[in-house]
Amino acid sequence: MSLQNEQKNNRIIIGLGSCGIAAGAKSVHQRFSKLLKEKGLDQKYKIDITSCVGMCFAEPLVEVHADNKRTLYGKVDEKIVDRIINEHLLDGKIVLERIIDSSNPGTDSHSFLSRQKKIVLRNCGVINPESIDDYISVGGYKAVEKAFALGPSALIEFIKSSGLRGRGGAGFTTGQKWELTAKALGNEKYVICNADEGDPGAFMDRSTLEGDPHSVIEGMLVAAYAIGANKGYIYCRAEYPLALNRLRIAIKQALGKGFLGKNIKKSGFDFEIKIKEGAGAFVCGEETALIASIEGRRGMPKKRPPYPSENGLFGSPTNINNVETYANVPWILLNGSEAFASVGTEKSKGTKVFALAGKVKRGGLVEVPMGLTIREVVEEIGGGSNTGRPLKAVQMGGPSGGCIPASLFSTRIDYDEVTRTGAIMGSGGLLVMDETTCMVDVAKFFLKFTQLESCGKCTFCRVGTKRMLETIEKITDGRGELSDLTKLEDLAKYIIKGSLCGLGQTAPNPVLTTLKYFREEWVEHIEQKKCRAGVCKPLIKYIIKDNCNGCGACVRVCPSNAITGAKKTIHIINQAACTKCSRCYLKCNFDSIVIE
Amino acid sequence: MADIDLENEAKEIVACSGSGREYAIPVLQEIQRRHGYLPSDLMVEVCKHGEFTEGQLFGVATFYSQFKFKPQGRKAIKICVGTACHVAGAPAVVDALCDELKIKVGETTSDREYSVETVACIGCCSLAPVLMVNQDTVGQLDPLQIKKALKKVSESSQ
């Protein structure tokens, strides 16, 4: 949030990304409008908006530009709005408690930002995403001019030499993909932007689209020019209403300024973009399923080859990249392929955006240079455990990925290094877990998801994941046998071999990685019928200790009347009636209820 | 709905969403936008005015989780059970919510006020566990505060 130019003075900029709105930014916005008017300040101070700067832990964020000084406030609520207006704007005194000072080492926001490198998110939280002029003022649409000057084949070489690899998960070299599509024969060609971010714990693409939609459009335009496509589609989840809305605005503005449409900037090149709203199917993140969905069919993958670069949408050569990949492209053109290649590791260039969540102090959207270790991301940027308990693992790559134990936190963020652990880089979900997370439960969670989302085309994926899930449920119910673990490993092998697409081929990963690194927890569930994290309901008991003072708070929240006891005497939980809903445990103020 | 209204509405939907086979999903989305679910008589009628067959339209509708075949509540609650919410205790919150409304996931209350469905990731992981009602998000839920969350929801959607 630091667009330093004249027009930004005397402005209040409010972060209106999805997470900001969820944290209450809309009421902050309304309160500012109302109070500025009431105090007669609405002529002097203009309200502007921006999107997510990544500091989800400090939302809602408000940036105040007054008297040629910029002040960033975090965790702003309506009361703080009143104080900002009365103390800061009227009296010139900054409201110190809520200030976010990212230039001061030792503060949360400084630690959060200093190890990051913003390429994809360069404009997120900086510009107003609903203004094409803002985008142009930070060098927007200049990359297109450079692309037109280079010509298609030099352009493809340029992107190839940057070393950019697809950010959707698999990591295929982007320039090579463009080259294949450019060389393929066909009168009509297409470019598609995959914005069907289905990983249940990832929101990088959503934030990019909400914060800087033009960079994605510009990246698509460059790709289209390189391969000779005149039509583009953005396939975006319908669950992202704000991203969709901002994309629609951006496309309209780009048309108005002549960056989309016929004869773009007198180059003779035509390009149009249509938005297709996804309808809720995880498998549609797979490219051939996505194409089927755009064509109006059930989103089922098909055999490759032929790859979409030869035979894609409506049978024509099609280039598919994901949001983050496209957002990298304008930066690479403007800053040079060497500048991009100088960031990262030998085989993984540039940066990667992660949605950092779970048991960390500072969760949010982070963009780090490739090559940083997991420990640096979790501890330096994320601030380490937010519970005080030691961290146990991170989950990377969502349902296709795996759990990396704390002992391997020195693993570097790099496609090949992460793959070696059994997880995958994936699209960027990075979930931090401590000892209150049960690894068997995590494996069950992801398998439940993939089992539900399997499209049903391949038998091994459809039936195999179901059988695996039943086996895990047997274990978490306390009926497991040691031979079940071998059964799981065998089934996993067949599912990987017998599935057409990435969904099935990677579905067993969460089970396999937890079996590899946390086997003792699985064995404990089976042999001792014990869940050390206290998560698997059939294996745990809630017990009231002797220090119960009989206040009766637990009795009132119990939905199954399982707790009895006279006032001021130690209460008892009837284990047969207890549903293990955890409400008494959460309610007790005296730590008298424990999980056994 | 009278036949003539049904026909007119089907024509309108096809006119604004497209009549070719590739527009099956936008057509279904438009029907659901208007009604909150997919009334099957309207789906059948739409096929008469576009290039889709009933087989294709119903096949597509049953494939994607967005499409509902039963009316939803005025306050359609989507409770997140994505990864971050799951480890932050979403399952207990889902149970508490269902207990409070006396319905199961996927059902609608008899007064059609509330319906509950689970979704995977709304993208507010740092506020986990979260739920979304229509366009509003409520975060940092806990099973004991579910009544309060519902109250907040009722106020904000008025």
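Order of the sequence lines fixes the chain letters, A, B, ..., with proteins taken first and strands second; residue numbering starts at 1 for each chain. Any value given below was found using the heavy atoms of this structure, including those in side chains, with hydrogens, waters and symmetry copies removed.
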> For Thr83(B) and Phe446(A), which heavy atoms make the closest approach, and how far apart are they?
Replying inline: CG2-CZ, 3.4 Å
> How close do Ala238(A) and Gln66(B) get, heavy atom to heavy atom, and via which atoms?
Replying inline: CB-NE2, 3.8 Å
> Which atoms of Val119(B) come close to chain A, meaning under 4.5 Å heavy atom to heavy atom: side chain ones, backbone ones, both, or neither?
Replying inline: neither
> What option among Arg362(A), Arg237(A), Gln395(A), Glu453(A) has the most heavy-atom pairs under 4.5 Å with chain B?
Replying inline: Arg237(A)
> What part of Ile122(B) lies closer than 4.5 angstrom to a heavy atom of chain A: side chain, backbone, both or neither?
Replying inline: backbone
> How far does CG of Leu144(B) sit from OG of Ser582(A), to the nearest 0.5 angstrom?
Replying inline: 7.5 Å
> If you measure from the Lys or Arg side-chain nitrogens to the Asp or Glu carboxylate oxygens, is any gap between Asp95(B) and Arg583(A) under 4.0 Å?
Replying inline: no
>> Heavy-atom cut-off 4.5 Å, strictly under: side chain, backbone, both or neither for Ala84(B) against chain A?
In response: both
> Taking every heavy-atom pair that is under 4.5 Å apart, which of Pro399(A), Gly358(A), Ala22(A), Gly198(A) has the most such pairs with chain B?
Replying inline: Ala22(A)
> Where is the tightest heavy-atom contact between Asp99(B) and Pro559(A), given as atom of each residue plus distance?
Replying inline: OD2-CB, 3.9 Å
> With distance as the sole test, does Gln29(B) use its side chain to make a donor-acceptor pair with the main-chain N or O of Glu277(A) at under 3.5 Å?
Replying inline: yes
> Do Glu239(A) and Cys121(B) touch side chain to side chain, with heavy atoms closer than 4.5 Å?
Replying inline: no
>> For a quick test of reading the model, state the closest non-hydrogen atom pair linking Cys284(A) to Tyr64(B) and the distance between them.
In response: SG-CE2, 3.8 Å
>> Could you check whether any side-chain heavy atom of Phe63(B) comes within less than 4.5 Å of a side-chain heavy atom of Arg297(A), counting everything from C-beta outward?
In response: no
> Counting only N and O atoms by type, is there a donor-acceptor contact under 3.5 Å from the side chain of Gln56(B) to the main-chain atoms of Gly296(A)?
Replying inline: yes
>> Heavy-atom pairs under 4.5 Å with chain B: which of Val557(A), Thr436(A), Asp441(A), Val442(A) has the most?
In response: Asp441(A)
> Among Cys56(A), Gly363(A), Cys19(A), who wins on heavy-atom pairs under 4.5 Å with chain B?
Replying inline: Cys56(A)
>> If we define contacts as heavy-atom pairs under 4.5 Å, which of Lys580(A), Lys276(A), Lys26(A) has the most with chain B?
In response: Lys276(A)
> Do you know which of Cys80(B), Pro143(B), Ala24(B), Gly20(B) has the most heavy-atom pairs with chain A at a distance under 4.5 angstrom?
Replying inline: Pro143(B)
>> Is Ala96(B) in contact with chain A via its backbone, its side chain, both, or neither, using a 4.5 Å heavy-atom distance?
In response: both
> When you measure from the side chain of Arg298(A) to the backbone N and O of Gly59(B), does any donor-acceptor pair fall under 3.5 Å?
Replying inline: yes
> Is there a donor-acceptor pair under 3.5 Å between the side chain of Thr437(A) and the backbone N or O of Val87(B)?
Replying inline: no
> Taking the side chain from Ser65(B) and the backbone from Gly280(A), do they hold a donor-acceptor pair closer than 3.5 Å?
Replying inline: yes
> Roughly how far apart are Ser293(A) OG and Ile25(B) CD1, rounded to 0.5 Å?
Replying inline: 3.5 Å
>> Using every non-hydrogen atom in the two residues, find where Cys124(B) and Ser18(A) come nearest and quote the distance to one decimal.
In response: SG-O, 4.4 Å
> To the nearest 0.5 Å, how far apart are OG in Ser126(B) and CG in Asn386(A)?
Replying inline: 11.0 Å
>> Measuring only between side-chain heavy atoms, which start at C-beta, is Ile21(A) closer than 4.5 Å to Thr137(B)?
In response: no
> Is it the side chain or the backbone of Lys359(A) that comes within 4.5 Å of chain B heavy atoms, both, or neither?
Replying inline: side chain
> Within a strict 4.5 Å, meaning less than it, do heavy atoms of the Phe449(A) and His86(B) side chains meet?
Replying inline: no
